[in-house]
Trainee: 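Got a structure for you, questions after.
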Amino acid sequence: MASDDTTLHRGLKSRHIQLMALGGAIGTGLFLGVAETVKLAGPSVLLGYAVAGLVAFLIMRQLSEMMVDEPVAGSFGHFADKYCGRFAGFVSGWNYWVLYVLVSMAELSAVGIYVQYWFPNVPPWVSALGCFVLANGISLINVRAFGESEFWFSVIKVAAIIAMIVYGVFLLASGGAGPQASVSNLWTHGGFFAHGIQGLVMSMAIIMFSFGGLEVIGITAAEAADPSRSIPRATNQTLWRILVFYVGALAVLLSLYPWDQIVPGASPFVLIFKALDAGVVAHVLNVVVLTAALSVYNSCVYSNSRMLYGLAVQGHAPRALLRVNERGVPLASLAVSAVATALCVGVNYAVPGKALGLLMGLAVAGMLINWAMISWSHLRFRAAKLAAGERTAFPSPLYPLTNWACLLYLAGIVAIMYATPELRVSVWMIPAWLVVLAIGYRAAEGRRARIARATS
């Protein structure tokens, strides 16, 4: 039963937020997307993940500085609205919501691929529907239930990747992986830059998708029990986790198996251990990658409902989306997000073989707008604080140099996407999508003005 309350409950503990920050980045991008980036860049993909991870960390530091200072609902949508204007807030919030509907679709598509490792005759949409029901059911309970589920999903992923790294190192040291396994695989078979610098550069757009999800830290601010402590801790641990879980795991992976024998379309982690006759390990890893996709979708369900709630707080969405039940769950926002994401079942049914690649490309375009808006909002935020003579508790490093460096990097990603035929349509969609948002903003503001006149 719904209540008249419009306040979210602070039910997320520090351990929830720390594992959510990690769990958001360990999903399809790591377990499935790396096959495509390895194909493009060869072993130099390690450098690509390190560079992209550093940029992601800097943007998360910028976001976290704002959140610690103002732990409110709506996250970066709130900061864009307050420091860059109402149109920027509208664009930031609605772009994020649509982006994570697309990410949700991508993760659900990945679930279908992983399940087919065991049951090749099961249609992808069936697996996607099961995941959809489970994650939305968890979010219906309360925010604490979501935090606990995400905590344990992330524990499984982290433990599995650490075990995989340790087991891989053991195989390399003992010679148990066969004669083809050697650290020299990182520079043989065409060299470290097997396709030159151009190959590495062209892989960066896909690599960017891997780090989408880190900003879920920002959505937790209004429901964190102690945001001034938990958010800085979670953010500061992001960088070394990226180095361990992406760069470290991939280094072991590419040492165990020649990079040019990795086949796109399935998890290389699973295929490599299967090729090494480690059958049980391959099955366990498939459980893990399935858990990873479910975990990221679980985070998407939470993030989308809270962003819609934040848009309603700012006046950019109908006030009906503010209603929460007695357990602090924004039911209307959750329902609207679920209906939009349910389109994934139809996409999987119509184009089961192409859905994931298409949706990943569309999501990258939305993520670029999202991250650029965070960095730009932070520039305006810091300028406002300096003008007021105020200091912040968790300043991001090397402001404003790192802000401009991040924005330049994101502009470079747009250029790479334009140069990639498969992603060029995503670049053309950026201005088209901004025009759609501008039309939506004019309509929303007109409606808001009419309501204000009617009630005055």
Side-chain angles (χ1 to χ4, degrees), residues 24-25 29 52 55-56 58-60 62-63 66-67 74-106 204-219 300 303-304 306-308 310-311 314 316-317 337 340 358-381 402-420 422-442 444:
V55 172
L58 291 172
I59 293 175
M60 290 312 102
Q62 293 159 16
L63 175 58
M66 295 188 288
M67 289 188 307
S75 185
F76 35 86
H78 161 81
F79 300 116
D81 186 273
K82 182 174 181 178
Y83 296 102
C84 302
R86 285 190 59 78
F87 177 60
F90 184 92
V91 168
S92 183
W94 280 108
N95 175 73
Y96 181 87
W97 183 79
V98 171
L99 161 64
Y100 273 90
V101 167
L102 294 176
V103 172
S104 297
M105 292 178 180
M204 294 304 293
I206 302 174
I207 287 174
M208 281 294 294
F209 179 82
S210 301
F211 297 107
L214 285 172
E215 67 273 17
V216 70
I217 305 173
I219 307 298
C300 288
S303 299
N304 275 344
R306 271 53 178 186
M307 182 54 77
L308 270 187
L311 283 165
Q314 296 152 31
H316 295 312
S337 300
L358 173 65
L359 295 174
M360 287 178 75
L362 293 174
V364 168
M367 192 175 74
L368 289 170
I369 298 174
N370 179 30
W371 283 20
M373 192 65 77
I374 291 173
S375 213
W376 178 249
S377 298
H378 180 260
L379 277 170
R380 301 292 296 269
F381 165 84
T402 48
N403 293 73
W404 292 113
C406 290
L407 290 169
L408 183 62
Y409 175 87
L410 295 174
I413 294 296
V414 174
I416 293 168
M417 290 171 64
Y418 187 79
T420 305
E422 297 83 0
L423 295 176
R424 190 169 298 156
V425 67
S426 298
V427 177
W428 286 114
M429 286 186 66
I430 294 175
W433 174 229
L434 290 175
V435 169
V436 170
L437 288 171
I439 294 171
Y441 174 73
R442 289 292 297 271

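One is the number of the first residue; the rest follow in order along the sequence.
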Trainee: To check you understand the geometry: which heavy-atom pair defines the closest contact between S375 and N403, and what is its length?
Mentor: O-ND2, 3.1 Å

Trainee: Test your reading of the model: is there a side-chain donor-acceptor pair from N370 to the backbone of Y96, 3.5 Å cut-off?
Mentor: no

Trainee: Considering only heavy atoms from C-beta outward, does the side chain of Y409 approach that of M204 to under 4.5 Å?
Mentor: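 A side-chain contact under 4.5 Å exists here.
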
Trainee: Quick one: pull up CD1 in I369 and CG in N95 and give me the separation to the nearest 0.5 Å.
Mentor: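 Spacing of CD1 (I369) from CG (N95) equals 4.5 Å.
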
Trainee: In Å and rounded to the nearest 0.5 Å, what is the CZ to CD distance from F381 to Q62?
Mentor: 11.5 Å

Trainee: When rounded to the nearest 0.5 angstrom, what is the spacing between CG in L99 and CG in N304?
Mentor: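 Answer rounded to 0.5 Å: 8.5 Å.
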
Trainee: Determine, stepwise, if the pair Y83 / W376 fulfils side-chain contact (heavy atoms from CB on, under 4.5 Å).
Mentor: CA-CA 9 Å; Y83 296 102; W376 178 249; over 6 Å; no

Trainee: Give, for atom CD1 of I59 and atom SG of C406, the distance between the pair rounded to the nearest 0.5 Å.
Mentor: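 So the CD1 of I59 and the SG of C406 are separated by 4.5 Å.
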
Trainee: Which atom pair, heavy atoms only, marks the closest approach of Q314 to H78?
Mentor: NE2-N, 3.3 Å

Trainee: Could you report the tightest heavy-atom contact between M66 and H378, atom names first, then the distance?
Mentor: SD-CA, 3.7 Å

Trainee: Looking at A80 and A88, what are the two nearest heavy atoms and their distance?
Mentor: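 So the two residues come closest at CB-O, 3.7 Å.
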
Trainee: Identify, with sequence neighbours excluded, every residue that meets ring-ring contact (aromatic ring centres under 6.0 Å, His included) alongside W371.
Mentor: none

Trainee: How close do M417 and A205 get, heavy atom to heavy atom, and via which atoms?
Mentor: CG-CB, 3.6 Å

Trainee: Could you grab the distance from atom CG of L63 to atom CD1 of I374, nearest 0.5 Å is fine?
Mentor: 5.0 Å

Trainee: Would you sort out whether V435 and I439 count as a side-chain contact (heavy atoms from CB on, under 4.5 Å), showing the intermediate values?
Mentor: CA-CA 6 Å; V435 169; I439 294 171; 4.1 Å; yes

Trainee: Distance from S303 atom OG to L308 atom CG, nearest 0.5 Å?
Mentor: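 One finds 11.5 Å between OG of S303 and CG of L308.
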
Trainee: Look at the aromatic rings of Y441 and H316 and report parallel, tilted or perpendicular, splitting at 30° and 60°.
Mentor: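 Y441 vs H316 ring planes: tilted.
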
Trainee: Report the C-alpha separation of D81 and F90 in whole Å, then their side-chain angles, then the decisive distance to 0.1 Å, and conclude whether the side-chain contact (heavy atoms from CB on, under 4.5 Å) test is met.
Mentor: CA-CA 7 Å; D81 186 273; F90 184 92; over 6 Å; no

Trainee: Is the backbone N or O of I416 less than 3.5 Å from a side-chain atom of T420, with the two atoms forming a donor-acceptor pair by type?
Mentor: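 At least one qualifying donor-acceptor pair exists.
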
Trainee: Can any side-chain N or O of R380 pair as donor or acceptor with the backbone N or O of G85 at less than 3.5 Å?
Mentor: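 Checked: no pair found.
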
Trainee: For R424, does the CZ atom have more than 12 heavy-atom neighbours from other residues, nucleotides or ligands under 6.0 Å away?
Mentor: yes

Trainee: Would a 4.5 Å heavy-atom cut-off, applied to side chains only, mark L379 and W404 as touching?
Mentor: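 Yes, their side chains come closer than 4.5 Å.
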
Trainee: State, with a plain yes or no, whether a side-chain heavy atom of W94 is found less than 4.5 Å away from one of M307.
Mentor: no

Trainee: Flag the pair Y100 / C300 as yes when at least one side-chain heavy-atom distance between them is below 4.5 Å, and no otherwise.
Mentor: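 In contact.
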
